[in-house]
Amino acid sequence: MARPNITLYTAQTPNGIKISMALEELGLPYKVERIDISKNTQKEDWFLEINPNGRIPALTDTFSDGQQIRLFESGSILQYLAEQYDPDHKISFPKGSREYYEMNNWLFFQNAGVGPMQGQANHFNRYAPERIEYGVNRYINESRRLYGVLDKHLAKSKSGYLVGDHVSIADISHWGWITAAAWAGIDIEEFPHLKAWEDRMYQRPGTEKGRHVPTPHNIKEHMKDKETADKYAAETRAWVQQGMKDDAK
């Protein structure tokens with residue numbers, strides 16, 4: 001039985017690059033299946049067999065019983081990779097330890113807080129067909145509040161990471177979102193400790209390799225030129241709105 005036998009089904013999104021970053025940090029071999037979410041590939045029957053929710057990322061592997069296991073939800077996939085393939089705790093901590101539970105605090109903080117709130121900030125700030133100030137302000141302000149929580153926590157961190165003395169899946173889970181702060185209308189310079197953490201993560205080879213899967217990670221390049229940013233937003237807005245119509249059927 002060959003393990004790992006990992007295929008990552010992903011796209012260039014903050015949630016997608018979490019998994020490729022973790023795989024690179026662990027040095028695991030994996031295959032990549034690019035999912036074109038602009039064409040609703042994630043809604044096709046074959047993909048729904050892997051993730052019934054029709055979202056990326058998803059991952060398949062050969063499990064210890066010799067059968068295929070199908071995984072979805074980025075936090076769940078990160079926990080699987082840590083538990084199955086990180087015996088030396090490169091990106092995790094021993095199960096049952098204080099750091100293990102603290103790591104899960106921040107993992108769920110991202111999955112239940114930063115991701116959903118910033119995702120809505122992106123939507124109302126960039127993709128909605130009309131600008132609704134209440135929605136824009138509600139989600140940008142809540143995302144900024146969560147950034148403040150992270151910033152205050154990192155100000156007390158001796159290692160510069162969210163938990164313990166080294167990087168973990170808690171850090172990996174956050175990075176793609178934090179590095180896209182400006183896209184959501186958030187000025188990362190307001191959060192110096194979080195900005196220092198973002199830069200520290202940038203220096204990691206696992207981040208550099210993983211962030212460019214399955215296509216180049218260029219959100220910051222988009223933000224350097226307003227015309228480029230507006231064009232990218234318009235292109236994305238078109239398929240986001242179409243996807244919403246399709247989901248409503």
Side-chain angles (χ1 to χ4, degrees), residues 3-26 28 30-37 40-65 67-86 91-93 95 100-123 139 143 146 150 162-163 167-180 184 206-207 210-211 213-214 217 240 243-244 246-247:
R3 294 193 77 207
N5 183 28
I6 294 171
T7 299
L8 172 61
Y9 304 84
T10 191
Q12 181 49 250
T13 72
N15 285 335
I17 64 174
K18 293 177 189 178
I19 311 306
S20 47
M21 285 169 59
L23 289 164
E24 293 294 342
E25 287 280 356
L26 292 172
L28 294 174
Y30 63 102
K31 299 182 286 291
V32 176
E33 184 81 27
R34 179 189 175 190
I35 303 300
D36 190 343
I37 55 180
N40 267 350
T41 305
Q42 73 278 12
K43 302 295 186 181
E44 295 178 4
D45 289 343
W46 71 268
F47 185 82
L48 294 174
E49 287 294 315
I50 300 170
N51 181 2
N53 193 36
R55 297 287 189 273
I56 64 94
L59 182 146
T60 58
D61 190 18
T62 300
F63 196 53
S64 56
D65 59 6
Q67 303 300 309
Q68 185 185 73
I69 186 169
R70 302 170 182 181
L71 298 155
F72 58 93
E73 292 297 321
S74 60
S76 174
I77 297 171
L78 288 174
Q79 288 184 320
Y80 172 84
L81 293 174
E83 292 178 13
Q84 294 290 315
Y85 295 113
D86 192 21
I91 59 170
S92 63
F93 297 94
K95 195 168 186 178
Y100 171 84
Y101 294 112
E102 291 175 349
M103 176 184 72
N104 285 340
N105 283 341
W106 294 106
L107 179 65
F108 284 95
F109 179 86
Q110 190 284 309
N111 280 267
V114 173
M117 293 300 102
Q118 190 169 331
Q120 291 297 328
N122 288 340
H123 183 88
Y139 290 109
S143 298
L146 296 170
L150 289 165
L162 287 172
V163 178
V167 71
S168 73
I169 57 174
D171 300 285
I172 292 169
S173 185
H174 278 87
W175 189 83
W177 290 97
I178 302 305
T179 200
T207 299
R211 73 188 181 98
V213 175
H217 177 256
V240 166
M244 290 174 62
D246 293 341
D247 286 342

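It should be emphasised that the depicted structure is a prediction, and the values quoted were computed from it without experimental measurement.
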- Message: What verdict does the side chain to side chain donor-acceptor pair (under 3.5 Å) test give for N104 and E102, after you've listed the backbone C-alpha separation in whole Å, the side-chain angles of each residue and the deciding distance to 0.1 Å?
- Response: CA-CA 5 Å; N104 285 340; E102 291 175 349; over 6 Å; no

- Message: One pair to check against side chain to side chain contact (heavy atoms under 4.5 Å, CB included): L23 and I6. What are the steps and the verdict?
- Response: CA-CA 10 Å; L23 289 164; I6 294 171; 3.9 Å; yes

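Judged by distance alone, with hydrogens and angles left aside, the side-chain atoms of N15 form no donor-acceptor pair with the main-chain N or O of S74 at under 3.5 Å. Using modelled atom types, no side-chain atom of N51 and backbone atom of F72 make a donor-acceptor pair closer than 3.5 Å. A donor-acceptor pair is defined here as one N or O able to donate and one able to accept, closer than 3.5 Å; such a pair exists between the side chain of Q12 and the backbone of R211. Looking only at distances, a side-chain donor or acceptor of H174 sits under 3.5 Å from a matching main-chain atom of A170.
Residues V167 and W175 form no side-chain contact, since every pair of their non-hydrogen atoms from C-beta on lies 4.5 Å or further apart. Taking 4.5 Å as the limit, some side-chain heavy atom of E33 sits within range of a side-chain heavy atom of I35. Using a 4.5 Å heavy-atom cutoff, the side chains of R55 and K43 are in contact. Within the 4.5 Å cutoff, the side chain of F93 has heavy atoms near those of the S168 side chain. I169 is not listed as a side-chain neighbour of L81, based on a closest heavy-atom distance of 4.5 Å or more.
Applying the salt bridge (Lys or Arg N to Asp or Glu O under 4.0 Å) definition to pairs two or more places apart or across chains, those involving residues 10-25 are E25-R204. Residue pairs meeting the salt bridge (Lys or Arg N to Asp or Glu O under 4.0 Å) criterion with at least one partner in residues 106-123, sequence neighbours excluded, do not occur; the list is empty.
Taking all atoms of both residues into account, the shortest heavy-atom contact from I17 to G176 is CD1-CA, 3.9 Å. Scanning all heavy atoms of the two residues, the minimum distance from A11 to I56 falls at N-CD1, 3.7 Å. Scanning all heavy atoms of the two residues, the minimum distance from L107 to G75 falls at CD2-O, 4.1 Å. Of all non-hydrogen atoms in F47 and A58, the two that sit nearest each other are CZ-CB, 3.9 Å. Residues A22 and L78 share a closest heavy-atom pair of CB-CD2, 3.6 Å.
When the ring pair (Phe, Tyr, Trp, His ring centres under 6.0 Å) test is applied to H123, no partner is found at least two apart in sequence or on another chain. Applying the salt bridge (Lys or Arg N to Asp or Glu O under 4.0 Å) test to R70 and every residue at least two apart in sequence or in another chain returns E49. Remark: D61 pairs with R3 by the salt bridge (Lys or Arg N to Asp or Glu O under 4.0 Å) rule, at least two apart or across chains. Looking at residues two or more places apart in sequence or on another chain, you find no ring pair (Phe, Tyr, Trp, His ring centres under 6.0 Å) involving W177.
Under the 30°/60° scheme for interplanar angles, the aromatic rings of Y80 and Y85 are found to stand perpendicular. The aromatic rings of W46 and Y9 lie tilted to each other, with the angle between the two planes from 30° to 60°.
F108 CZ to M103 CE: the interatomic distance, rounded to the nearest 0.5 Å, is 9.5 Å. Here CG of N111 is found 4.5 Å from OG of S173. Values are rounded to the nearest 0.5 Å. Here CG of L162 is found 11.0 Å from CG of N105. Values are rounded to the nearest 0.5 Å. Distance check: F109 CZ to L150 CG gives 4.5 Å after rounding to the nearest 0.5 Å. The OG atom of S76 lies 10.0 Å from the CG atom of L59; values are rounded to the nearest 0.5 Å. Of the inter-residue distances, the one linking L71 atom CG with F63 atom CZ reads 8.5 Å to the nearest 0.5 angstrom.
Counting heavy-atom neighbours within 6.0 Å of K31 NZ, excluding the residue itself, gives a total above 12.
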